[in-house]
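Here is the structure we will look at.
Side chains are part of it too, since the values below use all heavy atoms of this structure and drop only hydrogens, waters and symmetry mates. Keep in mind that this is a model prediction, so the values were computed, not measured.
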Amino acid sequence: MNWIANVVPPRIKDFFSRRDTPENLWIKCPETGQMVFHKDLEQNNYVIPTSNYHMRMTATQRLASVFDGGKWEDLPLPEVMADPLKFRDEKRYTDRLKDARTKTGMQDAIKLGVGAMDGVSVVVGVQDFDFMGGSLGMAAGEAVIKGLLTAAERGLPFVMFASGGGMRMQEGILSLMQMPRTTVAIQRLREARKPYIVVLTNPTTGGITASYAMLGDVQLAEPGALIGFAGPRVIEQTIREKLPEGFQRSEYLKEHGMVDMVVHRNDLKATLARLCRLLTKAAPKDVPEAA
C-alpha cells in the first residue's frame, strides 16, 4: 500500500474525530423535553428559563444560593447509630448509606448552615432528595433538631427547605419517632420567640409533611412542587375518584389555604430575608435604626 493510504486517512480521521463531551453538558426539561445548556441553568438557579420548571438542587447548591456570597458556617451533625435494626433487603442498609454518602458527599439527608441572608443572620436546614430520597431517619431527625435548637440558642430565625419521600423504612419505628421529636424542638424555638419558616420543595411527602414541614410560622412553596402525605396515584386508587387538576401541587395548596405563598426560586432569598426582618422586628435593609 502506498504512502497516501498509510498517512493521509489517519490524519484526516484525527482531524475530524469527535471530541468527548461531558454527559451533563445539556440538561433536559422534564416537562417540555427542551435541552438547556448547563451553565444557563446554573445562572438561573436551576430553573428552566422557558418552562419555569424548578429542577432539584443539592443541599450545597441550595445553601450557596441563599447565603450572601455563597458563604456559610457548616454546623456539625450529631452522630447516631448507623444501622440500629441490622436491616437488609436486596442489600444491607449500611451499604446503601455508604453508596448515598459517596454519591452526595453528605453524611445524611440534611445539611445545616449558619450565615447572612441579605444581611440577616439565619440558620438554614436543607433536605437533599439525592440522599436516599431525602428520607427521614435518626440522623436526619437529629439534624433538624440541632438546627432548631441552635437557632433558639443563638436567637436566630430557622429556615427549613423540606424535600423527601417520607420516613426511612430501614429504621422502622426509630424513624417514626423523629416526627414528635422534631415537633418538640419546633416548640422550643417558639418559646425562644424566633421565627420558623418552611420552604416546601418538590417533592415533600409522607411523614415529613406530617411533622416539621407543615409547622412553620410561614409556609412557602416553590412553583409546581408536589406536597402531600400519600401520593395522588395512591389516593385515586383508594377513593376510586379522579382528583382535581393540579391536586397536591403548591398552587392548589395555596388556593386552599395550606400554603401562604408560592415563590419563584429567583425571588426566594429576598422574600425569606424580608420575612425574617418582619418577624424579628429587625431594621429594614439599608435603613439605619433610629437613635
Side-chain angles (χ1 to χ4, degrees), residues 41-49 51-72 110-129 144 147-148 151 154-164 186 189-190 193-204 208-209 212-227 246 249-287 289:
L41 194 62
E42 288 176 15
Q43 292 173 1
N44 201 38
N45 279 325
Y46 297 90
V47 178
I48 304 292
S51 67
N52 201 38
Y53 184 89
H54 285 51
M55 304 287 287
R56 290 194 189 116
M57 299 177 77
T58 67
T60 302
Q61 289 168 346
R62 180 74 71 174
L63 290 173
S65 72
V66 296
F67 283 122
D68 295 346
K71 297 179 180 179
W72 67 90
I110 291 178
K111 190 174 181 68
L112 298 173
V114 183
M117 182 186 295
D118 225 3
V120 181
S121 294
V122 294
V123 181
V124 177
V126 181
Q127 205 158 358
D128 196 325
F129 191 86
V144 174
L148 288 160
R154 299 192 186 188
L156 301 175
F158 183 62
V159 177
M160 183 71 210
F161 287 88
S163 174
I186 291 169
L189 184 63
R190 291 213 170 104
R193 303 182 67 83
K194 297 302 172 184
Y196 172 48
I197 302 172
V198 179
V199 182
L200 302 163
T201 67
N202 184 45
T204 305
I208 297 166
T209 310
Y212 59 87
M214 298 303 289
L215 294 175
D217 298 310
V218 181
Q219 297 285 143
L220 307 183
E222 290 190 330
L226 175 66
I227 304 162
R249 295 292 170 176
S250 51
E251 293 80 5
Y252 184 93
L253 268 64
K254 181 180 180 297
E255 291 175 7
H256 291 79
M258 292 187 69
V259 169
D260 296 307
M261 300 171 65
V262 177
V263 185
H264 192 285
R265 190 175 289 164
N266 290 339
D267 301 323
L268 203 49
K269 178 180 176 180
T271 301
L272 288 169
R274 188 166 64 250
L275 285 170
C276 289
R277 286 194 183 91
L278 178 66
L279 295 174
T280 58
K281 299 181 181 179
K285 187 181 179 183
D286 299 328
V287 178
E289 292 188 37

Identify the two heavy atoms, one from [X] and one from [Y], that lie closest to each other, and give their separation to 0.1 Å.
X	Y	answer
A151	L189	CB-CD1, 3.8 Å
V259	A221	CG1-CB, 3.9 Å
P195	L279	CB-CD1, 3.6 Å
A273	V120	O-CG2, 4.1 Å
V123	G147	CG1-O, 3.8 Å
C276	P157	SG-CB, 3.8 Å

Please check: side-chain N/O of [X] versus main-chain N/O of [Y], any donor-acceptor pairing under 3.5 Å?
X	Y	answer
S121	A116	no
T204	T209	no
D128	A59	yes
E251	G224	yes
D68	G119	yes

Non-hydrogen side-chain atoms of [X] and [Y] separated by less than 4.5 Å:
X	Y	result
I227	M258	no
K194	F158	no
Y252	V262	no
Q127	V144	no
V122	F67	yes
L63	V126	yes
N44	N266	yes

Distance from [X] atom [atom1] to [Y] atom [atom2], nearest 0.5 Å?
X	Y	atom1	atom2	value
S250	E255	OG	CD	10.0 Å
L253	Q219	CG	CD	10.0 Å
I186	Y212	CD1	OH	9.0 Å
T60	R62	OG1	CZ	12.0 Å
L275	M261	CG	CE	6.0 Å
I197	M160	CD1	CE	13.5 Å

Legend entry - Set of side chain to side chain contact (heavy atoms under 4.5 Å, CB included) partners for Q61, sequence neighbours left out: Y46, M57, T58
Which residues pass the side chain to side chain donor-acceptor pair (under 3.5 Å) test with [X], not counting sequence neighbours?
X	answer
R190	D217
N202	none
T280	none

Inset, instruction - Carefully, step by step, assess V66 and F161 under the rule side chain to side chain contact (heavy atoms under 4.5 Å, CB included). - result: CA-CA 11 Å; V66 296; F161 287 88; 3.9 Å; yes
Inset, instruction - Determine whether more than 12 heavy atoms belonging to other residues, nucleotides or ligands lie under 6.0 Å from atom CE of M214. - result: yes
Legend entry - Exceeds 12 heavy-atom contacts within 6.0 angstrom, atom NZ of K269: yes
Inset, instruction - Go through the steps to decide whether L220 and L268 satisfy the test side chain to side chain contact (heavy atoms under 4.5 Å, CB included), and finish with yes or no. - result: CA-CA 9 Å; L220 307 183; L268 203 49; 4.2 Å; yes
Legend entry - salt bridge (Lys or Arg N to Asp or Glu O under 4.0 Å) partners of R274, counting only residues at least two apart: none
Legend entry - Partners meeting salt bridge (Lys or Arg N to Asp or Glu O under 4.0 Å) with R265 (sequence neighbours left out): E222
Inset, instruction - Indicate the ring-plane relationship of H264 and H54, choosing parallel, tilted or perpendicular according to the 30° and 60° boundaries. - result: perpendicular
